[in-house]
Undergrad: 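Pasting in a structure now, in structure tokens, and then I'll have a few things to ask.
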Amino acid sequence: MNRWSPCFYFDVLFYLIPRLEDALAKFSRRDSAEVVQPVRTTVALQKHRGFLGMMPCYMENDGVLCTKLVCFYNREEGSTLPPVQATVVLLDPEYGNVKAVMEGEVITCMRTAAVSAISAKLLMRPGTEVLAILGSGQQARSHYTVFTEIFSFKEVRVWSRTREGAERFCRSVAGPVIVCGSAEEAVRGADAIVTVTGSTEPVLCGHWVKPGAHVAAVGACRPDWRELDDALMKEAVVYADSREGATAESGDVILSGVEVFAELGDVLNGTKAAHREKTTVFKSLGMGVEDAVSAKLVFDKWNAYTTSQL
């Protein structure tokens, strides 16, 4: 599925987001009967400047066993090869057989955007008006779709490393977008900022960011890759989907030396505060449990549809 259909929007808003909120809360309770999920294992693909990531998850109480295989790359500018390729495998936990093999691009894009939206729902100040997106790929499009469906922004800005990428993004989305000539121009005065780039060096500087803004940082998923500079990381209250994942994989966290204040699940469980009054950063690494509940939703809907056709 390469086009975001209205039906898929509906599923994200009314089915996927509540399931992800429940999964994040379960993960942060660290109950092995609810979620067993190791930190992502990676294998370097040195010849191709990439990595293979393996993301298993077992939800015993829910009867869900799943793993995702994802290859992600640091592509050279102008490369026509995809930066990410993913496959999701859903298994029967009792028998161990494969129930479904799913192309993972849409699942990855939509669950990632949905979790970023959950972070904004929890941490973004009320009355926000301006959204800035740094990046113009599939993740940028899915974040635009989910954020503009859930929140009422008066203005959306986009910046990309190339003008062509930004203009292609504008043609691919349904609503109005302002193309900015620099990342600084895009984020100055923005209330919410989404970084979904393939950059390995900071593209967002703290002194550009409006005090009290919320940043959802999605790219830079390796210990030596970054999207955010030290000034922003040290100024903000930092949240993550997984504390272990962030401290093992996020260059933004590791290289800045900051501590992760809380997981989103901690906020959902009421054990940590949502500091809406401060500048906040949500560092998204992506988790197997997010893929598991998303794949289960897709499988259940497919199964219900095929049964209705009999």
Side-chain angles (χ1 to χ4, degrees), residues 17 21 24 28 112-135 139-140 143-144 146-159 175-178 180 182-197 199 202-220 226-241 243 246 250-253 255-285:
I17 285 178
E21 288 178 331
L24 291 166
S28 291
T112 304
V115 172
S116 292
I118 292 168
S119 81
K121 179 179 168 184
L122 295 173
L123 303 172
M124 193 168 65
R125 287 182 174 183
T128 56
E129 297 184 346
V130 179
L131 169 67
I133 300 174
L134 305 186
Q139 284 285 5
H143 277 75
Y144 176 93
V146 174
F147 271 63
T148 56
E149 286 287 333
I150 294 176
F151 307 108
S152 299
F153 294 105
K154 294 182 179 179
E155 183 177 300
V156 180
R157 307 169 185 166
V158 67
W159 169 81
V177 183
I178 297 172
C180 296
S182 68
E184 179 179 1
E185 180 187 346
V187 304
R188 284 284 188 185
D191 303 291
I193 302 167
V194 174
T195 60
V196 280
T197 73
S199 180
V203 295
L204 180 59
C205 298
H207 67 274
W208 301 342
V209 176
K210 175 182 177 179
H214 175 62
V215 179
V218 177
R226 299 195 66 172
E227 287 187 308
L228 317 182
D229 74 352
D230 281 355
L232 176 55
M233 292 299 293
K234 291 178 179 179
E235 172 67 22
V237 182
V238 178
Y239 297 79
D241 41 16
R243 188 184 302 274
S250 169
D252 288 319
V253 172
L255 298 177
S256 66
V258 302
E259 292 187 8
V260 174
F261 171 73
E263 296 174 342
L264 291 186
D266 295 325
V267 180
L268 290 163
N269 288 329
T271 59
K272 288 284 189 175
H275 287 291
R276 293 176 179 268
E277 77 285 1
K278 299 181 180 180
T279 303
T280 52
V281 166
F282 166 57
K283 182 55 209 175
S284 170
L285 272 301

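Because only heavy atoms are used, hydrogens play no part in the values below, and waters and symmetry mates are left out as well, while side chains stay in. Along the sequence shown, residues are numbered consecutively beginning with 1. Just so it is clear, the structure is predicted and the values come from calculations on it, not from any experiment.
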Undergrad: Looking at Asp191 and Glu129, would you say the former's side chain and the latter's main chain have a donor-acceptor pair under 3.5 Å?
TA: yes

Undergrad: Please say which of Ile178, Thr148, Val130 ends up in a side-chain contact (heavy atoms from CB on, under 4.5 Å) with Val156.
TA: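 In the set Ile178, Thr148, Val130, the residue that makes a side-chain contact (heavy atoms from CB on, under 4.5 Å) with Val156 is Thr148.
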
Undergrad: Tell me whether Glu21 contacts the main-chain N or O of Leu268 through its side chain, where contact means a donor paired with an acceptor under 3.5 Å.
TA: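 It does not hold such a pair.
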
Undergrad: Restricting to ring-ring contact (aromatic ring centres under 6.0 Å, His included), what partner residues turn up for Phe282, sequence neighbours left out?
TA: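 Once residues adjacent in sequence are excluded, Phe282 has no partner under the ring-ring contact (aromatic ring centres under 6.0 Å, His included) criterion.
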
Undergrad: Do Ser116 and Val218 have side chains that get closer than 4.5 Å, going by heavy atoms?
TA: yes

Undergrad: So, taking the atom named NZ in Lys234 and the one named CG in Asp229, what distance separates them when rounded to the nearest 0.5 Å?
TA: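 So the gap between those two atoms works out to 10.0 Å.
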
Undergrad: Is a side-chain N or O of Thr271 found less than 3.5 angstrom from the main chain of Asp266, in a donor-acceptor match?
TA: yes

Undergrad: Any salt bridge (charged side-chain N to carboxylate O under 4.0 Å, His left out) involving residues 274-285? Give me the pairs, sequence neighbours left out, ordered by first then second residue.
TA: Asp252-Lys283

Undergrad: Would you say Gln139's side chain and Val196's backbone share a donor-acceptor pair under 3.5 angstrom?
TA: no

Undergrad: Hey, does Tyr239 have a side-chain heavy atom less than 4.5 Å from the side chain of Lys272?
TA: no

Undergrad: Closer than 3.5 angstrom, by distance alone: can the side chain of Asp241 be matched with the main-chain N or O of Leu285 as a donor-acceptor pair?
TA: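 Yes: the side chain of Asp241 pairs with the backbone of Leu285.
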
Undergrad: Will you find, in the side chains of Thr279 and Glu235, an N or O donor that is under 3.5 Å from an N or O acceptor?
TA: no

Undergrad: Look at the aromatic rings of Phe147 and Phe153 and report parallel, tilted or perpendicular, splitting at 30° and 60°.
TA: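 Ring orientation of Phe147 relative to Phe153: parallel.
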
Undergrad: Please tell me if the side chains of His214 and Ser119 come closer than 4.5 Å, counting only heavy atoms from C-beta onward.
TA: yes

